[in-house]
Amino acid sequence: MGYVRIIPCLVALLLLPFAQSGLSQGPSGAPGKIALVGGMLLDGYEAPPIHHAAVLIEGDRIVRAGPAAAVTIPADYTRIDTSGRTMMPGMIELHAHLVLLGHGNYGTWFPWIEKQGGMTMLTRVMEIAARQLLDAGITSAVDLGAPSAPSLSIRDRINRGQIPGPRMLMSGPWLTRTPAVFPLEYQIKVDTPAQAAREVEKLASAGVDVIKAHSGLTREDYQAIADTAHKHKLRVHAHVYAEEDVRNALETGIDVLTHAGSAGTAPPYSPQLITDIVNRGRPVVITAAHRSWIYPDTNAFPERLQDPQLKKDFPPETYAEIQDSLKNWRALPYFGRTDREMLFRERGVRQFVDSGTVLGMGTDSGTPMNFHTEALWREAKVHVDMGMPPIRVISSLTRIGATILGKQRELGTIEPGKLADIIVVNGNPLYDIVALSHVETVIKGGVVHKGAGAATPGRGTAGQQ
Ligand SMILES: [Zn+2]
Ligand SMILES: [Zn+2]
């Protein structure tokens, strides 16, 4: 593990001069004074939109938002015309995997990374994923499962403005009793609750932002994990499908129930479990789209696997490797039970939508065929198709997401005092949620990353680093 810790630091040091020269190249690389003027404003609340609005940004903060006619724009503000577009808070992805890029097979992806240079290649993969997320309008994201050192390094380099990416909350390796197909440094095997608690302590002192508890843990394990994490003010995301796992996680105080509702091979949950989740106000992140919707969607349009954006984002050998892994995608072990999961997919999502469960949006992005470029709008579309009003979906993607992370004072809405994480999309997502696939402008902390006036340091070069 020694090199695992050292290499990312070296890479960061080597990149530092370039990143800094990138920063000094133009004033637009640093936060300034920006006015977004003309478009419709969705502020993250489930309120009627404000038409022909204006948003003023000073430094990294929002200072004003309202109808353009009522907002005076000082002369020293850079105007960005958003007429005919929609302005909304940057989206929050509650379940991403930076170490994955949509490759079809974990069993060959990780050995391929090893062959391509190990940790250096892994770092490069994570940089590509982070940039794809930000390009897609995601200004905050939770990564649920990767080795600690590269996870924390990429988070910190993004925060220092050295590479583009969302504000990342990293879990590091997950806790489990039965290690999955991923390499060992992605997971921590625990055999007793006491050991689970000790491992949470270690992760906390390493500096992770959240804890991920995998399925198959006992109720006592969950209890130990939740109690220890909460002592360190860390929230726990549990990866749970089976009714018993969901109940154990719910009753031991696990903060976020992730994957619940994405069918698995289990039929819908008992009404009592749903009622208990709703009564406790416990958030669920379904990750609905990643298997049982993406599979038939790909059947209907296999051309999506050759989206030109992927070719642009990936270095040629990475693109070739991923294409190769998806050649015979219908036969991938990952989709081995998908035909069965599809039987339950609608009921699995609807029971949470209909019951008024607090829903955050997360996608398991990076998993097979589930590209970071589009996973979140696909997830949003599934929720709308399953009966969730678009305005509620937008609020899940933004304000509710921030609340689930405990960041609601800084993120998730467009109102004075909040961090200026704002996107501009082409179209009206209240009419057609797929408008979220047309993100034209991305502003994070007052810095324009994408769209008119963009000058994010490292942009366009992360693939080559
Ligand atoms: Zn998971
Ligand atoms: Zn996952």
Side-chain angles (χ1 to χ4, degrees), residues 92-107 109-110 125-126 129-130 132-133 138 141-148 151 166 168-183 185-190 203 208-217 221-222 225 229 235-242 245-246 248-250 254-266 283-294 332-335 337-338 341 348 359-372 375-376 378-379 382 401 404-405:
I92 299 178
E93 158 69 85
L94 292 172
H95 192 141
H97 290 282
L98 296 187
V99 297
L100 304 173
L101 297 175
H103 189 279
N105 193 334
Y106 305 142
W109 172 242
F110 291 107
V125 164
M126 294 176 89
Q132 285 187 316
L133 290 171
I138 294 156
V142 182
D143 182 282
L144 290 176
S148 291
S151 293
M168 292 301 309
L169 281 83
M170 310 299 295
S171 75
W174 61 74
L175 302 167
T176 181
R177 279 198 180 231
T178 44
V181 57
F182 280 53
E185 62 269 30
Y186 288 72
Q187 34 200 337
I188 299 169
K189 182 176 168 9
V190 298
L203 287 166
V208 303
D209 307 287
V210 298
I211 299 291
K212 181 176 187 182
H214 218 269
S215 56
L217 294 161
D221 293 338
Y222 282 131
I225 291 168
R235 297 189 177 191
V236 185
H237 296 238
H239 163 121
V240 279
Y241 290 92
D245 285 338
V246 177
N248 282 340
L250 173 72
I254 297 285
D255 303 274
V256 186
L257 307 170
T258 183
H259 302 309
S262 72
T265 51
V284 170
V285 176
I286 300 179
T287 67
H290 72 313
R291 267 196 287 245
S292 43
W293 265 275
I294 276 186
L332 290 171
Y334 184 79
F335 298 108
R337 295 183 311 197
T338 302
E341 290 168 5
L359 289 173
M361 295 285 153
T363 66
D364 229 353
S365 73
T367 53
M369 310 199 302
N370 191 21
F371 306 111
H372 300 293
L376 198 51
R378 285 185 178 278
E379 188 72 18
V382 166
I404 290 172
L405 298 178

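Ligands are counted one by one from 1 in listed order, and the atoms in each one are counted from 1 as well. Worth saying up front: this structure is predicted, and the values here are computed from it rather than measured.
Note on His259: not counted as a metal contact of the Zn ion (ligand 2), no N/O/S atom lying under 2.8 Å. Here His239 reaches the Zn ion (ligand 1): one of its N/O/S atoms is less than 2.8 Å from the metal. At a threshold of 2.8 Å, the Zn ion (ligand 1) has a backbone or side-chain N, O or S atom of Lys212 nearer than that distance.
Seen from the ring of Tyr334, Arg291 counts as a face-on cation partner, given the 6.0 Å and 45° thresholds.
In this structure, His259 and Tyr241 have parallel ring planes: the angle between them is below the 30° cut-off, well short of the 60° mark. Ring geometry for Phe110 against Tyr106 counts as tilted: the plane angle lies between 30° and 60°, on a 0 to 90° scale.
Restricting His97 to its N/O/S atoms, the shortest distance to the Zn ion (ligand 2) is reached by NE2. Restricting Asp364 to its N/O/S atoms, the shortest distance to the Zn ion (ligand 2) is reached by OD1.
Interatomic distance, CD1 of Ile211 versus NE2 of His237, reported as 10.0 Å (0.5 Å rounding).
Screening Thr367, Thr287, Thr363, Thr258 for a side chain to side chain donor-acceptor pair (under 3.5 Å) involving His95 leaves a single residue, Thr258.
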